[in-house]
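To keep things clear, I will list the structure first and then write my remarks on it.
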Amino acid sequence: MPELRLPITAPAAAGSRRHSRRLRRRCRLILLLVLSLALLSLAYLSFSSHANLPIHAMHHGLSNRENLLKWNGQGYSPDVTNISMTKVELEPPKSRKKPHKRYAPCDIQFLPSVDDLVEPVHYGNFTQFSLSYILKEKVLLGNGFFEPVFGGHQSLGDREETYHAKDQTLHCGFVRGPDDYPSTGFDLDENDRRYMATCHVAVSSCIFGSSDYLRRPTKSRIGSYAKKNVCFVMFMDELTLATLSSEGHMPDGNGFIGLWRSVVVKNLPYEDMRRAGKVPKFLAHRLFPSAMYSIWLDSKLRLHADPMLIIEYFLWRKKVEYAISMHYDRSCVWEEVLQNKRLNKYNHTAIDEQFHFYQSDGLVKFNNSGQLPVLPSYVPEGSFIVRAHTPMSNLFSCLWFNEVNRFTSRDQLSFTYTYLKLRRNNPGKPFHLNMFKDCERRAIAKLFHHRTNETTDPPAANLRLDTIRHSYKAETAI
């Protein structure tokens, strides 16, 4: 009997194929879902590990904990004083780069011209007292080894007294040793000294160690009066002069390179070129003894406005005796300390020594709860300074220089401490200081990059926290 087999019909075969396709589609959907979840997880982990987000603060140190407080709207904690940084905090974040901030100049309403420009009648009504300066130190008998230094040997007791606005004699650079000792530095040619003694308004800058190019002021922006009556002085060492000469900036027979009068400084008082640059930056009243006003600009800037219009706008119109721009990005010294460490601007131990000393003497944070800041920012952009050579302005300049001489050369760390201590010690004797917007600085001076990059400094050799390092007898002169 023949075997009976059921025929496989066409509809049954089609159903089997449809079932197989549905199974494959389901597998692809499941695989796609798993892949999507994996990508979302990776994106979340990458986002949550960003250094500025609050979750990151749970795994790292103080600076990120401060970021967490900022996120919560609480500000900095006034109890935090230790800002030492771990290796993780010092390393830049490896996530995507932040967008580069752009800082533009803003409009300044200068007078249309310097014609008939006259100093206001009541402008000079500032705190009056008499200052003289220690010029020579002599060793007492039996003192042993003694080395004269440019800033002098100032004890902490002497330092404390100088913060009182009164008739006094104080350290302010240019201190010499006994006659049989070598010069302490910043030696100038007598012809240059005589020239600077004739200046009543001075614009100055410096290049040491061939660290920058020569930026000539924009002649079309400088009026004929300023070209004839304002001294433009560029301090430089012999290495810089040789470099500039090889680049075509050769001084003429009178020592001028364009508007700049080149003044060669021999025997720089510090090995650190940035610290040596603080001498002309802060001590214009010593270098230009007859000057009533001075303008300082770093060598990375090119002057783009008339000096007399600058003096009228920043000093006369505001009725102040000292003007400096606030920093474009930071306002608290705590932030400036951390930034100096992150970028290795100076030896970390030296920064900590200085910063802890300032905290112990009353330095507070810019946004300290319960205290209104007395300045619009506690961090200056110190590349541009406009000064009247008044007693209070000269005293502040000496005090600021002495802090840079004693501690680190990072003058932004000592600016607010010096100002607040001077203000605290002299109630009823105001120091009229104006911190103007950084965009105004950008409107009057074009910014360039330095020729060479900055490098990390060794520990400050003259870091002195002792009460008395040397016994000496000071000779003074006005």
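A search for disulfide (SG to SG under 2.5 Å) contacts involving Cys206 returns nothing, not counting sequence neighbours. Every side-chain contact (heavy atoms from CB on, under 4.5 Å) that Met435 has, sequence neighbours left out, goes to Ile324, Met326, Leu375, Pro376, Ser377, Pro380, Phe415, Leu433. By the side-chain contact (heavy atoms from CB on, under 4.5 Å) test, Ala165 is found to be paired with Phe129, Met392, Leu395, Asn426, Lys429, residues two or more places apart in sequence or in another chain being considered. Applying the ring-ring contact (aromatic ring centres under 6.0 Å, His included) criterion to Tyr328, with sequence neighbours excluded, gives Tyr103. Every residue meeting the ring-ring contact (aromatic ring centres under 6.0 Å, His included) condition with Tyr417, not counting sequence neighbours, appears here in chain and number order: Tyr358. Listed by chain and number, the residues in a side-chain contact (heavy atoms from CB on, under 4.5 Å) with Thr240 are Ile207, Ser210, Met236, Asp237, Leu244 (sequence neighbours excluded). For Asp192, the side-chain contact (heavy atoms from CB on, under 4.5 Å) partners are Asp189, Arg261, Val263, not counting sequence neighbours.
A cation-pi geometry, defined here as NZ or CZ lying under 6.0 Å from the six-membered ring centre and within 45° of its normal, does not hold between Lys319 and Tyr123. Taking the centre and axis of the six-membered ring of Tyr163, the NZ or CZ atom of Lys421 falls inside the cone set by 45° and 6.0 Å. The side-chain tip of Lys228 does not point at the ring of Tyr225 from less than 6.0 angstrom away and within 45° of straight on.
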With side-chain hydrogen bond (donor to acceptor under 3.5 Å, both in side chains) as the test, would you mind laying out the steps for Ser393 and Glu321 before giving the verdict? CA-CA 6 Å; Ser393 172; Glu321 50 196 318; 5.8 Å; no
For Phe401 and His171, run ring-ring contact (aromatic ring centres under 6.0 Å, His included): C-alpha distance rounded to whole Å, both residues' side-chain angles, the deciding distance at 0.1 Å, then the answer. CA-CA 10 Å; Phe401 172 80; His171 289 85; over 10 Å; no
Starting from the C-alpha separation in whole Å, work towards a yes-or-no answer on side-chain hydrogen bond (donor to acceptor under 3.5 Å, both in side chains) for His200 and Ser290. CA-CA 6 Å; His200 296 290; Ser290 302; 5.6 Å; no
Between Tyr133 and Phe174, is a ring-ring contact (aromatic ring centres under 6.0 Å, His included) present by the stated rule, with each step listed? CA-CA 9 Å; Tyr133 308 106; Phe174 302 97; 9.3 Å; no
Candidate pair Ser383 and Asp298, rule side-chain hydrogen bond (donor to acceptor under 3.5 Å, both in side chains), full reasoning: CA-CA 5 Å; Ser383 61; Asp298 280 2; 4.7 Å; no
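A side-chain donor-acceptor contact under 3.5 Å links His348 to the backbone of Lys341. A donor-acceptor contact shorter than 3.5 Å links the side chain of Glu137 to the backbone of His153. No donor-acceptor pair closer than 3.5 Å links the side chain of Ser262 to the backbone N or O of Phe256. The closest donor-acceptor contact from the side chain of Thr218 to the backbone of Arg221 lies at 3.5 Å or more, if one exists at all.
The stretch residues 307-317 participates, sequence neighbours left out, in these salt bridge (Lys or Arg N to Asp or Glu O under 4.0 Å) pairs: Glu312-Arg317. Sorted by first and then second residue, the salt bridge (Lys or Arg N to Asp or Glu O under 4.0 Å) pairs involving residues 391-403 (not counting sequence neighbours) are Arg159-Glu403. Every pair passing salt bridge (Lys or Arg N to Asp or Glu O under 4.0 Å) that includes a residue from residues 431-443 is listed here, sequence neighbours excluded: Glu381-Arg441, Asp438-Arg441, Asp438-Arg442. For the ring pair (Phe, Tyr, Trp, His ring centres under 6.0 Å) condition, the pairs that include at least one residue of residues 423-445, sequence neighbours left out, are Phe126-His432, Phe314-Phe436, Tyr322-Phe431, Phe396-Phe431. Listed by first then second residue, pairs satisfying salt bridge (Lys or Arg N to Asp or Glu O under 4.0 Å) with a partner in residues 115-130 number zero, not counting sequence neighbours.
Counting only N and O atoms by type, the side chains of Arg387 and Asn394 include a donor and acceptor under 3.5 Å apart. A side-chain donor from one of Ser294 and His389 sits under 3.5 Å from a side-chain acceptor of the other. Between the side chains of Trp400 and Ser414, a donor-acceptor pair is found at a separation under 3.5 Å. A donor atom on one side chain and an acceptor atom on the other are found under 3.5 Å apart for Asp272 and Ser409.
The shortest non-hydrogen separation linking Val279 to Pro269 is CG2-CG, 4.3 Å. The two residues Pro307 and Ile222 have their closest heavy-atom pair at CD-CD1, 4.0 Å.
Residues Trp334 and Phe355 bring their aromatic ring centres within 6.0 Å. For an aromatic pair to be called close, the ring centres must be under 6.0 Å apart, and Tyr378 with Tyr419 fails this.
Other residues, nucleotides and ligands contribute more than 12 heavy atoms inside 6.0 Å of the CZ atom of Arg330. Remark: Lys227 NZ is packed, more than 12 non-hydrogen atoms of other residues, nucleotides or ligands lying under 6.0 Å away. More than 12 heavy atoms of other shown residues, nucleotides or ligands fall within 6.0 angstrom of atom CD in Glu247.
A salt bridge between Arg176 and Asp179 is absent, with no side-chain N of the basic residue lying under 4.0 Å from a carboxylate O of the acidic one.
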